[in-house]
Amino acid sequence: MYVAVKGGEKAIENAHAWLAEERRGDPGVAELSLAQIREQLSLAVNRVMAEGSLYDPDLAALAIKQARGDLIEAIFLIRAYRTTLPRFGNSTPVDTGGMACDRRISATFKDAPGGQVLGPTFDYTHRLLDFKLAADGAVPEAPTAAPRHEPTPHITKFLKDEGLIQDEPASDKPPGDLTREPMEFPADRPLRLQALTRGDEGFVLGMAYSTQRGYARNHAFVGELRIGTVAVEMEIPELGFTIEIGEIALTECETVNQFKGSKTEPPQFTRGYGLVFGQSERKAIAMALVDRALRWEELGEDDLGAPAQDQEFVLSHADNIQATGFLEHIKLPHYVDFQSELELVRKLRREAKERLEPREAAE
Amino acid sequence: MNEYNFAYLDEQTKRMIRRAILKGLAVPGYQVPFASREMPMPYGWGTGGVQVSAATLTPDDVFKVIDQGADDTTNAVSIRKFFEKTAGVATTEETEKATIIQTRHRIPEAPLRADQILVYQVPIPEPLRFLEPRETETRKMHSLQEYGLMHVKLYEDISQHGAISTAYAYPVRVADRYVMDPSPIPKFDNPKLEMDAIQLFGAGREQRIYAVPPHTRVVSLDFEDYPFEASKADHACDLCGAEDSYLDEVITDDAGDRMFVCSDTDYCRSRREAGHQGRLAQEDAA
Amino acid sequence: MTPLLQVNGIEKRYGARIGCRDVSFDLYPGEVMGIVGESGSGKSTLLNCLAGHLKPDAGQVIFDTRADGPVDTVTMSEPARRMLGRTDWAFVHQHARDGLRMSVSAGGNIGERLMAVGSRHYGQIRGQALDWLGRVEIAESRVDDRPSAFSGGMQQRLQIARNLVTGPRLVFMDEPTGGLDVSVQARLLDLLRGLVREMGLSAIIVTHDLAVVRLLADRLMVMKDGEVVEAGLTDQVLDDPQHAYTQLLVSSVLQV
C-alpha cells in the first residue's frame, strides 16, 4: 500500500521518452535541420553562444533543437558540454579595431571615419507582421557596396586624442577566469565583464534599464556600437609566433558617460564597455551600462544604493543557469523538511491553544 | 562510456576539489571556496554533492544515494544512474554495504562507521545568509566569530512563538569555532552529526565545500532555558514499528487518514526483514 | 588617575582635503566631552576616527582596557577592536535607523550585545531587555514590537538602551538629538543626563547644538576647518569664549 514514491526509475525513463516525442512534434511536419536553425534563427544561436560561453554555431543550433527552443535550457546544454572540454591555451586579445564591420554606428558624432553603417538591423523596420513570410520566404537580393578595407578606428579614440575621455590603463595581467576560480568579492573589472558577457540577457537588460530610470543614472551615450568579424589569433609556443586560428563575430559597445571631475582632475568623459559573441546588440549596450554603473567606486562616485551599483548583487544573480537551477530545485521533494515544519506548527498551535483556553475558561 | 573521465570530472578538477576537501577537514565547519564546475545537471539539484562524490570515489567504492532518506526518489535515482554510467562503480541501497553515501536532507538512521563517507548536497552553505545577505560581511563575521546575530534570530523565535521555530537546517557550532549550516536535514538528525564517519558538504552553485571530521564536537545552537530538542512525529513506524526513526507522514485516502513510515527506506526494510512489524504491517502483507 | 582615553595628534585626510588635524586630548573616567562645530568642521570625522570606524592617517587613540591597560586602538587587531565595540564601547548614531535592527523586536535589539558576548539564557536576556526598556521610559508591553512601529524619540531611546545594556565605559554619540522635535529633545537630554550620572559613563558627544553640551558636557572642544580652535570647561568656554569663531557660535545661539 505504501507506493507514494516507488518506481522513480521507471517514471524517469517514461518521462524522457515522452519528452523526445514532444520535441519532434507532429512527424507529418518536416524536421528542422541544424543548418536551418543556424541560418534562420541566428540571433537565438548567438544568444546561446554568448551565454553558453562557447563560440560554435552548429553546437548552439543542436542545443536549441534539443531544448525545443528553450534558450536557457540550450545554454545549459552548451555550458555542461563546455566544462568538459580540454583547454589548449588562450588566444591573444582580439583586435576589435581591425573588425570587418557589418554594422557600425555612433550616437555621439554625426559622422566619423568609417562612416555610419546601419547593417542588418531591426531598427527603423515597422514592427508589422509580414504575412508574406508565412507563405514563402524568398527575399530579393540586398544591394551591396564595395567593402571598406582599411581598419575602422574606434570613436573613443578621437575623444582620447583630445584627452576628453578617461584612459583605460593597459595591463599585461592575465584576467581571472570565473569558470576556473571561485568568484570572490570584490571582483575586479575583467571578472565583472566576464560575468556580464555571459550573464542572462534579460537580467542585464533590466539592470541597465534601471540605471536609465534613475537608479544610479550615469548619462550614457552610445559612443559606438560595432558588429562584425574579427580574427582570433593564438601564440603557439612551439612555433614562437602568433597564428590566426579562426574568425568570430562580435558585438562591441562603448558608451561615453558624463563625469563631473574633481578638484584635482578636470572634467572628463568615462566609459562603459560591452563585448558579446555574435550579433547581440541589446546585450552589448546593456552590458556597457551595467559595467559603467559598477565602476562607481574606482571613479569616486557616490554609492546611491542602487541595485546596478552593487556588484555582489549583480554578479551573484546574473547567471541564468545558476538562477534557473536553484529556482527549479524547489520542485524536488522536500517532504522531510516539510514534515519537520508540519510538526513544529502543530506543536506551536497546540501550545498556543493551551495558553489561550484556560484564560477563556477563567473569564 | 569512454567520452568522459572516471566519475565524469577530469583529474585536474578532482585534485582541486580534493584540496578543498582536505582544507575543509583541517578547519572543521569552515566554508572553503572552490571552483565549482558546470555539471550536466542543474544547480540546486546536487551539483556540489556530485562533485564531492566524484572527487572522492574510487573504482572499488560502493555508492549509495538517498534523497529525503529514500533510495528511490527521482533525484536519487538520477544521481545514482549518473555515477553508474560515468564511474561504473557498484551501487547499493543498503547503508551497511555502502562506502560512500550521497544524501539530500537526511542522515541515515543506522550509525555510520569509520570506513564510510557521508556526502551532503547543500543549497545555501552560509548559516548567516538570511540574517546578512552580503558574502563580504558574512565572511568577516565568521573570521571574527561574531555570531551574536544567530542568537538574536533564536531570541526572536521564542519571543514570537514561545519556542525556537527552526525545524530543519538548524545551525550548529562545529569544534567550538565555526557556525555551520548542516544542510536542510531535519533537526531530528542534528545529534547524529557527531559520528565515526567523515562528513563532507558540497554546495555547487555557491562554490563552497566544508567538512566535519569524525568525532568532532557539533553543538546545536540554543538557550540554556530553551534547550535544543531533536523532535519527530510522535508515532511509531506503521510498517516496521520503529520508535526511534524519523517518520514521513503519508496521506492515505480522501478522508485524510494518515500513516507514518520511516523516511529511511533501507532502515525500514532491514527492520521488517528482521521480523519487526508495525501497526499496518499485517495489512501490507495481505 | 589614568585617563580612560588619550588622544594624540589625530589626523585624517581625504585626498588633499583635511578631515581633521592635530587633535589631542585626555578623557578621564566619568567625564563627558562635547565637540561642537558647524557641519564640515571635521567633528564627525574625528568621532569616527576615535570610535574605530575610520582609520586615521596619523595619531593614537589609547584606551585603558580592562585586561591590558592602555592600548592604542588604531593599531590593535580588528577582532580586538570589534570586541571593544560591543563591550566597553558604545556608539549612538544620529539616525536611530543606523544603530538599530529595524526588523528585529525591541527586546532582540537590546539583547543582541548581551548575546554577542555570550549570554545564553533567554529568561535573563529578556529580563534585562525589560529592565532597560523601563530605564529609557518605553512601556514593557512594547518589548516584542519592532522599532519601525516606534516614534523617532522612542527609537533613539531604544538605541541608547541597546548600547548601554552591556555596561560600556565609553559612549560615542553623534548628534544624538539631531532630527528630533524640541520637546522630544529635552526629554532625551534629561534621560541621557540621568544615565550618564547614574552609570558613571564617560562620553564623547558630537553636536552642533550648544544646548546639548551645556546640559551634558563637562568639557568642550570647538572645531573649525578640521582643527580644535578652543577647548576648556564647558561653562567657561560658553560664558567667556576666547576665539572669534566660538564667540560667533555662542552669539548666534543667544540671538535665537
Salt bridge or not between [X] and [Y]? Use side-chain N to carboxylate O under 4.0 Å.
X: Asp157(B); Y: Lys153(B); answer: yes
X: Lys10(A); Y: Glu13(A); answer: yes
X: Lys14(B); Y: Glu11(B); answer: yes
X: Arg292(A); Y: Glu301(A); answer: yes
X: Glu351(A); Y: Lys347(A); answer: yes
X: Asp266(B); Y: Arg271(B); answer: no

With chain B, which of [options] has the greatest number of heavy-atom pairs at distances under 4.5 Å?
options: Pro182(A), Ser316(A), Gly325(A); result: Pro182(A)
options: Arg180(A), Glu181(A), Arg82(A), Glu341(A); result: Arg180(A)
options: Ala323(A), Pro333(A), Pro186(A), Ala352(A); result: Pro333(A)
options: Thr324(A), Leu348(A), Thr83(A), Ile330(A); result: Thr83(A)

| message | Around atom CZ of Arg269(B), are there more than 12 heavy atoms from other residues, nucleotides or ligands closer than 6.0 Å? | response | yes

| Top contributor to chain A interface from Ser36(B), Pro133(B), Ser165(B), Ser78(B) [non-hydrogen pairs under 4.5 Å] |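 With the most close heavy-atom pairs to chain A, the winner is Ser165(B).
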
| remark: Residue from Pro123(B), Ala169(B), Gly162(B), Ala163(B) scoring the most non-hydrogen pairs under 4.5 Å with chain A is Pro123(B)

Are the side chain of [X] and the backbone of [Y] linked by a donor-acceptor contact shorter than 3.5 Å?
X: Thr86(B); Y: Phe82(B); value: yes
X: Gln102(B); Y: Ile66(B); value: no
X: Asn190(B); Y: Tyr170(B); value: yes
X: Asp302(A); Y: Leu304(A); value: no
X: Tyr81(A); Y: Ala63(A); value: no

Using non-hydrogen atoms only, which part of [X] is less than 4.5 Å away from chain B: side chain, backbone, both, or neither?
X: Leu344(A); answer: side chain
X: Glu184(A); answer: side chain
X: Asp310(A); answer: side chain
X: Glu343(A); answer: side chain
X: Phe76(A); answer: side chain

| Does a side chain donor of either His142(B) or Glu126(B) reach within less than 3.5 Å of an acceptor in the other side chain? |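 Looking only at side-chain atoms, Glu126(B) and His142(B) do form a donor-acceptor pair, the distance falling under 3.5 Å.
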
| What class does the angle between the rings of His329(A) and His334(A) fall in, given that below 30° is parallel, 30 to 60° is tilted and above 60° is perpendicular? |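 It falls in the perpendicular class, over 60°.
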
Where does [X] contact chain A at under 4.5 Å (heavy atoms): side chain, backbone, both or neither?
X: Thr13(B); answer: neither
X: Phe260(B); answer: side chain
X: Ile124(B); answer: side chain
X: Met16(B); answer: neither
X: Thr136(B); answer: both
X: Phe188(B); answer: neither
X: Arg205(B); answer: both
X: Arg104(B); answer: side chain

| Please, which pairs that meet salt bridge (Lys or Arg N to Asp or Glu O under 4.0 Å) have at least one residue in residues 31-43 of chain B, sequence neighbours excluded? | Arg79(A)-Glu38(B), Arg198(A)-Glu38(B)

| Any residues in residues 42-52 of chain B near chain A, with a heavy-atom distance under 4.5 Å, and which are they? | Pro42(B), Tyr43(B), Gly44(B), Trp45(B)

